[in-house]
Amino acid sequence: MNNPCLVVDKVSFAYPTNNGSKKYILHEASLSLSPGEVVSVIGENGSGKSTLLSLVAGFLEKGNGKILVDSKKISIVFQDMGLLEWKSAFENVELSLLSSNLMQVQRKNIVGESLSLLGVLGAKDKLPKELSGGMKQRVAIARALASSPKVLLLDEPFSALDWKTKRALQKELLKIIKKKKIGVVLVTHDLNEAVFFSDKVLMLSNGKLKRVKLNSTLFK
Amino acid sequence: MNTFLFPSPIEVIFQLAELFAGGEIIGHIVSSVYRVLIGLFFGIILGALCGYALGLNSVLNGLINPIVQLLRPIPPIAWIPIAILWFGIGNESSFFIIFIASFFPVFTNVFFGVTSLPTIFAKVSKSLNLPKWQNFVHVVFPFSMPYFLTGVKTAVGFSWMVIIAAEMIASQSGLGYFIEYNRLLLEPDKIMAAMAVIGVLGFIFNYLVVLLEKKLLYWRSVSNE
């Protein structure tokens, strides 16, 4: 078995409440992710799914427990994409390579490849406002993949797309993930999507992650 | 109606043509424009620098912002007497008054722009491991540009308001001085001609900022229609 690319070991996290006490949103949550494996985390609104991703991505200071991951090798795709409106699709993707030591020519090639992989190379000079929702999400995914991550975090990235666009994008993304052996954590509240997209589905409930065993053929 | 006190628009236009033909008003226009440009330059640069510095650094903000907020409500015109005491009658007083008038709108707008950066952009920047300076160049600065330009537009309007008041009191040249001088000589047609010039100059300055805005913020007007 491959070494895991992400380990979340008994992580707890609490938000302070108005009366001075703490409200635990994660309580000794654990998961392990292998290269090329897709794990979905499902749960109700407010169950802590996004908090878990924020902890792994480093947006929140770590609570109790351990998170083992190479922080330089994580990418994230947000629900509302976060494309910079003043930059073209090309420039938005290029942003993910600016902190590297790559030459401009190398950056240009990688950005081109990444946009091409997601089928949006033709829109490289367009601004986000000129793109449809599906194309924007493709550009956002191209940006996340351009830096060759080992772990990809997906925060409900398909929720704003129509069913047909969503399924087409999920299929393409799955191919890329498996080919490049990227470990993926998908956060979603859509069980159907979780089962279609993942190797493993975890339910976040009362701060704990529990494996959900489902007959996936019912969903696919 | 008393045509001496209320000259007709035709009379004002003739007077304006005469003033330009004789060159009497041109020197005053040059003086006022020069003062506005210099005062605006320093007000905009320092206002923007302070806005970015305080917007990006919470410690600096905690230390300096209370002082800025204390000074901000003071009308620029109230600074004229102190400006005369500090700098005397002349350009420096006018520069200072225009600096005060342009600093605060630019500072306030830039500060508001920087601090209202959506969380999603901050997260994107962090997730892409952008160093602080790249985060500023690629994310914070472009995002705050519309706020900055709103501040500049307000500053330009304020500058033309206060320069006239400042020149009436603390100067020996400029359109404000020209208006006050002609009040003493009882020449209302010349006063109105100078007022028309101020209106046109204010319009031109504002138009230039709007052109700049259209060029820099082209991304706001595109759509996928």
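Values below: all heavy atoms of this structure, side chains included; hydrogens, waters and symmetry mates excluded. Numbers restart at 1 for each chain; the letters A, B, ... are given by sequence-line order, proteins then strands.
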Toward chain B, the part of A:K87 with a non-hydrogen atom under 4.5 Å: side chain

Structural part of A:S75 lying under 4.5 Å from a heavy atom of chain B: neither

Contacting region of B:Y218 [heavy-atom separation from chain A under 4.5 Å]: side chain

Point-to-point distance, once rounded to the nearest 0.5 Å, from CG of A:L83 to CD1 of B:I120: 9.5 Å

Stepwise side-chain contact (heavy atoms from CB on, under 4.5 Å) check, A:R143 with B:V124: CA-CA 10 Å; A:R143 180 172 70 185; B:V124 165; 3.7 Å; yes

Heavy-atom neighbours of A:K126 NZ exceed 12 at 6.0 Å: no

Chain B contact via A:L153 - side chain, backbone, both or neither, heavy atoms under 4.5 Å: neither

Flag if over 12 foreign heavy atoms under 6.0 Å of NZ, A:K178: yes

Under 3.5 Å: donor-acceptor pair, side chain of A:W86, backbone of B:H138: yes

Under 4.5 Å from a heavy atom of chain B, the part of A:L127 involved: side chain

Heavy-atom side-chain contact between A:E85 and B:F121 under 4.5 Å: yes

B:K123 side chain vs A:F59 backbone, donor-acceptor pair below 3.5 Å: no

Heavy atoms from other residues, nucleotides or ligands near CD of A:E44 exceed 12 (cutoff 6.0 Å): no

Heavy atoms of other groups near B:M168 CE, more than 12 under 6.0 Å: yes

Whether over 12 other heavy atoms sit under 6.0 Å from B:F203 CZ: no

Distance-minimising heavy-atom pair for A:I76 and B:S127: CG2-CB, 3.4 Å

side-chain contact (heavy atoms from CB on, under 4.5 Å) between B:L128 and A:L98, intermediate numbers included: CA-CA 8 Å; B:L128 299 175; A:L98 289 181; over 6 Å; no

Structural part of A:S100 lying under 4.5 Å from a heavy atom of chain B: neither

CZ (B:F136) with more than 12 external heavy atoms under 6.0 Å: yes

